[in-house]
Amino acid sequence: RKEVEQDPGPFNVPEGATVAFNCTYSNSASQSFFWYRQDCRKEPKLLMSVYSSGNEDGRFTAQLNRASQYISLLIRDSKLSDSATYLCVVNIPPPRSSASKIIFGSGTRLSIRP
Amino acid sequence: DGGITQSPKYLFRKEGQNVTLSCEQNLNHDAMYWYRQDPGQGLRLIYYSQIVNDFQKGDIAEGYSVSREKKESFPLTVTSAQKNPTAFYLCASSMLLGSGELFFGEGSRLTVL
């Protein structure tokens with residue numbers, strides 16, 4: 001089983017719709033979680049951190065479900081400019097005392113149509 | 001403006017040639033990373049460095065080498081031993097090693113002919 005898994009999509013939704021996608025992780029000791037956005041042929045950019053209590057930034061809401069080991073990203077009132085690939089990132093503590101490991105999911109492609 | 005600069009943005013090389021990709025950051029970050037991304041796939045870690053003169057292999061280090069002689073600089077050499085070097089290479093930095101808050105350069109797209 002992959003350490004971090006995402007539905008690759010593509011999700012194709014009309015402008016103004018609400019869309020949500022999940023990212024599952026296998027290591028229950030994972031400590032911190034993030035969503036990144038990557039435009040076509042560009043570098044990933046941090047979109048938002050995911051806190052235990054959830055995190056909202058404008059039209060974007062990120063949530064963590066530790067019991068089921070997944071994080072989610074909800075986009076409300078989607079815009080054409082939201083079209084991108086969304087990568088989830090999980091920070092996994094190492095088995096011995098050393099730096100934690102950052103794992104990227106393969107990304108979920110989102111396409112917003114007019 | 002603080003950030004990470006990668007160069008060149010596009011690079012074409014013949015098979016068997018070594019290639020060095022530049023990565024410079026002025027964010028005063030301790031940790032730096034090199035990732036490789038292939039079409040439709042996630043990022044795979046090649047090498048990372050926590051401090052000057054120290055670096056560690058990532059998941060796919062074979063055929064690559066790095067150096068960290070200055071805090072700001074973390075160049076990656078793609079050697080002729082790398083069997084499939086054509087890819088999008090991304091350099092990143094973070095304040096501390098293991099932080100999930102990474103800042104990426106714009107990437108270097110290497111094509112081996």
Side-chain angles (χ1 to χ4, degrees), chain A residues 2-10 23-25 27 29-52 55 57 62 64 71 84-111, chain B residues 1-7 9-10 21 23 25 27 29-51 54-61 86-111:
Chain A
K2 283 186 181 177
E3 291 177 288
V4 177
E5 287 198 78
Q6 293 185 253
D7 182 341
C23 166
T24 58
Y25 60 94
N27 191 323
S30 299
Q31 294 176 330
S32 50
F33 311 86
F34 307 85
W35 283 104
Y36 279 72
R37 171 195 169 123
Q38 185 174 23
D39 292 302
C40 188
R41 300 178 73 83
K42 299 282 192 183
E43 76 276 22
K45 292 184 179 176
L46 179 63
L47 180 65
M48 57 199 307
S49 304
V50 186
Y51 305 126
S52 296
N55 188 17
D57 183 3
L64 166 64
I71 62 172
T85 296
Y86 291 84
L87 309 172
C88 75
V89 173
V90 176
N91 185 312
I92 299 173
R96 287 181 295 278
S97 177
S98 62
S100 52
K101 192 175 175 184
I102 304 164
I103 307 292
F104 280 81
S106 299
T108 296
R109 271 182 54 206
L110 174 65
S111 178
Chain B
D1 282 337
I4 299 186
T5 303
Q6 284 187 243
S7 64
K9 201 167 182 179
Y10 299 95
L21 308 179
C23 178
Q25 56 103 353
L27 299 166
H29 284 170
D30 286 325
M32 296 187 75
Y33 313 80
W34 274 104
Y35 289 92
R36 170 184 172 137
Q37 188 175 36
D38 293 285
Q41 296 194 29
L43 277 66
R44 291 186 291 168
L45 183 63
I46 304 172
Y47 267 98
Y48 63 96
S49 168
Q50 186 172 6
I51 55 171
D54 179 70
F55 48 82
Q56 304 295 329
K57 292 182 180 180
D59 301 316
I60 55 164
T86 293
F88 187 42
Y89 290 90
L90 288 157
C91 179
S93 72
S94 63
M95 196 166 295
L96 297 172
L97 187 69
S99 165
E101 296 187 4
L102 301 177
F103 292 79
F104 284 87
E106 291 186 335
S108 294
R109 200 166 293 276
L110 172 63
T111 303

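Side-chain atoms are counted along with the backbone in the values below, which use heavy atoms only and exclude waters and symmetry mates. Just so we're on the same page: letters track the sequence lines, and every chain starts at 1.
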Sort B:Tyr35 into side chain, backbone, both or neither according to what part of it lies under 4.5 angstrom from a heavy atom of chain A.
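Looking at B:Tyr35, just its side chain touches chain A.
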Under a 4.5 Å heavy-atom cut-off, does chain A meet the side chain of B:Ser94, its backbone, both or neither?
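Neither; nothing under 4.5 Å.
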How long is the gap from [atom1] on [X] to [atom2] on [Y], to the nearest 0.5 Å?
{"X": "A:Leu46", "Y": "B:Phe104", "atom1": "CG", "atom2": "CZ", "answer": "9.5 Å"}
{"X": "B:Asp59", "Y": "A:Lys101", "atom1": "CG", "atom2": "NZ", "answer": "5.0 Å"}
{"X": "B:Leu90", "Y": "A:Lys42", "atom1": "CG", "atom2": "NZ", "answer": "12.0 Å"}
{"X": "A:Arg41", "Y": "B:Lys9", "atom1": "CZ", "atom2": "NZ", "answer": "10.0 Å"}

Mind listing the closest non-hydrogen atom pair of B:Gly105 and A:Glu43 along with its distance?
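Nearest pair, atom of B:Gly105 first, then A:Glu43: O-CB, 2.9 Å.
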Can you name the closest pair of heavy atoms from B:Ser99 and A:Ile102 and give their distance?
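Closest heavy-atom pair between B:Ser99 and A:Ile102: O-CD1, 2.9 Å.
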Portion of [X] that has a non-hydrogen atom of chain B nearer than 4.5 angstrom:
{"X": "A:Arg109", "answer": "neither"}
{"X": "A:Phe33", "answer": "neither"}
{"X": "A:Gln31", "answer": "neither"}
{"X": "A:Thr85", "answer": "neither"}

For A:Glu5, I'd like to know if atom CD has over 12 heavy atoms of other residues, nucleotides or ligands within 6.0 Å.
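More than 12 heavy atoms, drawn from other residues, nucleotides or ligands, come within 6.0 Å of this atom.
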Are B:Leu45 and A:Ile103 close enough that some pair of their side-chain heavy atoms sits under 4.5 Å apart?
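They are not in contact (no side-chain heavy atoms under 4.5 Å apart), so the answer is no.
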Between B:Arg44, B:Gln37, B:Gln41, which residue shows the highest count of heavy-atom pairs closer than 4.5 Å to chain A?
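Most heavy-atom pairs within the cutoff with chain A belong to B:Gln37.
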Mind checking side-chain hydrogen bond (donor to acceptor under 3.5 Å, both in side chains) for B:Gln25 and listing every partner two or more places apart, or none if nothing turns up?
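For B:Gln25 there are no side-chain hydrogen bond (donor to acceptor under 3.5 Å, both in side chains) partners, ignoring immediate neighbours.
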Assess whether side-chain contact (heavy atoms from CB on, under 4.5 Å) is satisfied between B:Leu102 and A:Tyr36, documenting all intermediate values.
CA-CA 10 Å; B:Leu102 301 177; A:Tyr36 279 72; 3.5 Å; yes
Restricting to salt bridge (charged side-chain N to carboxylate O under 4.0 Å, His left out), what partner residues turn up for A:Asp7, sequence neighbours left out?
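Testing A:Asp7 for salt bridge (charged side-chain N to carboxylate O under 4.0 Å, His left out), a comparison that skips the adjacent residues, returns none.
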